Structure formats: C-alpha cells, structure tokens
Enquirer: 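Here it is: the structure, laid out below.
From a predicted model like this one, the values you see are computed outputs, not experimental measurements.
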Amino acid sequence: MDVRSLRYFIAAYESGSISAAARRCHVAQPSISTSLVQLEERLGTPLFERHRRGITPTEEGHRLYPLARQVSEDLNAIGRLFRTPAPATPVRLGLMRSLGANRMTALLKEYIGQGDNLALTLVNPEERCDARIIGAQDLSSGEAFQPIWHDSYRLALPSGHPLGLKDTVALAELDGLPFIWRHPCTAMEQLAAALSDAGVRCQVRARLRTIEYTLGLVAAGVGASLVPAWPEILANPDVQCRLLENLDIHQTVGVAYPARQSMPALQPLLQLGRQVWDSEGQA
C-alpha cells in the first residue's frame, strides 16, 4: 500500500476537504483526489462521501483513520531513529489562557512533528518568548500576526435551565443570574462592559481561569458562563449554549511573532496556522 496515499487520506480526513488537504500537503488537488480513489479501489470500499461543502468520512474512513495515523507516526519515528542527531532548536512559545486543550494539543503535536528537532518551552505570553498564541486585540507594536481560529461566544447554561428554552437570551435576563466568571478573558471583559451599560448585575459564584473547569461547574448547576462556541462545547449534553441578544462577542486567535526577524523554526507553526485558517473558510 502506498504510504503517500495514507498521508493524503489523513490530511483529507483532518481537513474536511480536498482543497484544504492539497494546501496542507503542498500538492495539486487532482493529486489528492486521484490518490484517494486509488486507495478506495485497493481497499474495496469508499472512505469519504463527496458533497459540495467538502467531504465526510464514511464508517470505513473512520475505521481506517487511527490505523493510518499509527502507520504515519511509526514511519516518522523510524526516520528520527536513524537521523543524525543535531542540536535542538530552542523555541519559547507564549500561550494565552483558555485556548482549548484539544485544538492546542493537535496544533502543538503537528508543530513538533514538522519542526526540525525543536526544544519547545511553553510560557505565559507576558514572558520573554519567540512567538505568542494570543488574541488579535493583544498584538504589540512590531509584531506580525497569523490568524488560526475565529471564536464566537455563547451563554452556557446548565442542562434543563429555563433560559435554555429560548433561542436568544436578553442581557436583562442575566440580572441576578448565578455566574461563573473567567479571568483573564477578553470576551468576559466585553460582556462586563455590556452588562454595566445595561445596568445588569450577575451573581458571581466562582472566578476561574480555564474553560474546562468552568464548563464543569456550569454542568454541575453552579451557574452560567460565557464560553467559546467550539464544536465539543456545543455538543456537550450537560450544557446548553444560547446566543446573547444584540451582543456579538468574538475574537481572532493566532500567532504573534516579530515582524522583522522571525526565526526559521517558527515557519512550520505559521504554515500550520495558515492551513487551519484556510480549512475553516476564514480567509
């Protein structure tokens, strides 16, 4: 079986479209399409359903994905095993809080895998670092910015909460509502300003830093909160997410790096950022 076909399959599976997979693999779209067809013919089963908005893995595609990932990772490990050791390149990467564990894990895993012997150190974005993953609003003078994700925010309510019966929730309905507050968080600062202008006060029951812990308290019924509309959050059966009426809270998250002297070791991270941004249709 052609290993390249498996790698094209992985890119298509993770990107959700042929065009995004082609950009990720730096090849033309017909190369991806032809390789996938040949792989399907060899296995004797369709791996994707094709439609106008992209591709969706079939049950067989879902079964193949973890096996293909394991083969690809094993091949990379073999290559590293026999590669002549070189001095590790130190990279200090500042991470803002509340980036989302799942997507950051996936991004950093890809970055480390594509980088050339990186010695990655993660720090707070306020510390000395070579690049920062932050919101665009926190960009400093002299920094360039590669967007990765565009996050919109929703009101998160415990499952079964009366406000969950509505499609949108007015700010006035938050008055006296038990609330889980997160800090630091630009989105929460925007909400605080809107509540102040409307003369509305929530009952703050907890002050936290992480979204994951906040969701746990919302699911437990301690209070409501403001959370990003990530797919895994919207699919959480213990939490109801609703739009806030006449209040659009959002932010763009990406890589901030020195505009004049970007280190070569950052290029794989910037490329990954462009791929994610393009695959989500943001650019």
Side-chain angles (χ1 to χ4, degrees), residues 92-109 121-127 129 132-139 148-164 166 168-245 247-256:
R92 290 175 62 87
L93 182 62
L95 300 182
M96 64 179 281
R97 294 181 177 87
S98 301
L99 284 170
N102 291 339
R103 67 183 186 180
M104 277 309 304
T105 298
L107 183 73
L108 293 178
K109 183 177 180 180
T121 301
L122 304 180
V123 299
N124 291 324
E126 298 81 15
E127 299 181 43
C129 50
R132 309 186 295 158
I133 297 184
I134 58 173
Q137 72 281 346
D138 296 323
L139 199 63
I148 306 176
W149 303 291
H150 184 79
D151 292 337
S152 58
Y153 284 77
R154 300 287 187 272
L155 177 68
L157 299 159
S159 179
H161 194 282
L163 290 179
K166 301 186 174 187
T168 60
V169 177
L171 280 181
E173 295 176 291
L174 303 187
D175 198 38
L177 184 70
F179 215 84
I180 313 300
W181 205 263
R182 287 189 298 105
H183 178 81
C185 175
T186 300
M188 298 294 274
E189 293 172 4
Q190 294 179 49
L191 176 61
L195 292 174
S196 178
D197 291 342
V200 173
R201 296 187 65 179
C202 302
Q203 296 183 33
V204 178
R205 296 290 178 81
R207 298 182 184 274
L208 305 175
R209 291 177 178 267
T210 68
I211 291 175
E212 288 76 15
Y213 194 10
T214 297
L215 285 171
L217 293 189
V218 173
V222 175
S225 192
L226 188 72
V227 300
W230 299 335
E232 62 267 29
I233 292 179
L234 298 179
N236 188 332
D238 297 322
V239 173
Q240 303 175 90
C241 293
R242 297 294 181 265
L243 289 166
L244 286 169
E245 191 174 289
L247 185 60
D248 179 22
I249 296 179
H250 61 270
Q251 73 170 339
T252 298
V253 177
V255 185

Enquirer: List for me each residue that meets side-chain contact (heavy atoms from CB on, under 4.5 Å) alongside Ala194, sequence neighbours excluded, and say none if there are none.
Expert: Leu171, Leu247
Enquirer: For Thr121, what residues pass the side chain to side chain donor-acceptor pair (under 3.5 Å) criterion, not counting sequence neighbours?
Expert: none
Enquirer: What residues, two or more places apart in sequence or in another chain, satisfy salt bridge (charged side-chain N to carboxylate O under 4.0 Å, His left out) together with Glu126?
Expert: none
Enquirer: Show me the donor-acceptor pairs, under 3.5 Å and distance only, between side chains in residues 224-235 and residues at least two apart or in other chains.
Expert:
| from | atom 1 | to | atom 2 | distance (Å) |
| --- | --- | --- | --- | --- |
| Ser225 | OG | Ile180 | O | 2.7 |
| Trp230 | NE1 | Asp151 | OD1 | 3.3 |

Enquirer: Identify, with sequence neighbours excluded, every residue that meets ring-ring contact (aromatic ring centres under 6.0 Å, His included) alongside His183.
Expert: none
Enquirer: Sequence neighbours excluded and cut-off under 3.5 Å, please list the side-chain donor-acceptor pairs for residues 198-211, or say none.
Expert:
| from | atom 1 | to | atom 2 | distance (Å) |
| --- | --- | --- | --- | --- |
| Gln203 | OE1 | Arg205 | NH2 | 3.0 |
| Gln203 | NE2 | Gly176 | O | 2.8 |
| Thr210 | OG1 | Tyr213 | N | 3.2 |

Enquirer: Output all residues satisfying ring-ring contact (aromatic ring centres under 6.0 Å, His included) with Phe179, sequence neighbours left out; order by chain, then residue number.
Expert: Trp181
Enquirer: Could you work out, with salt bridge (charged side-chain N to carboxylate O under 4.0 Å, His left out) as the rule, every residue matching Arg92, not counting sequence neighbours?
Expert: Glu127
Enquirer: Residues in side-chain contact (heavy atoms from CB on, under 4.5 Å) with Ala219, at least two apart?
Expert: Asp238, Val239
Enquirer: Would you please name every residue forming a side chain to side chain donor-acceptor pair (under 3.5 Å) with Glu173, sequence neighbours left out?
Expert: Lys166
Enquirer: Can you sort out the partners of Leu122 under side-chain contact (heavy atoms from CB on, under 4.5 Å), two or more places apart, ordered by chain and number?
Expert: Leu93, Leu95, Leu108, Leu120
Enquirer: Not counting sequence neighbours, which residues clear side-chain contact (heavy atoms from CB on, under 4.5 Å) with Thr252? List them please.
Expert: Ala136, Phe145, Pro147, His150, Trp277
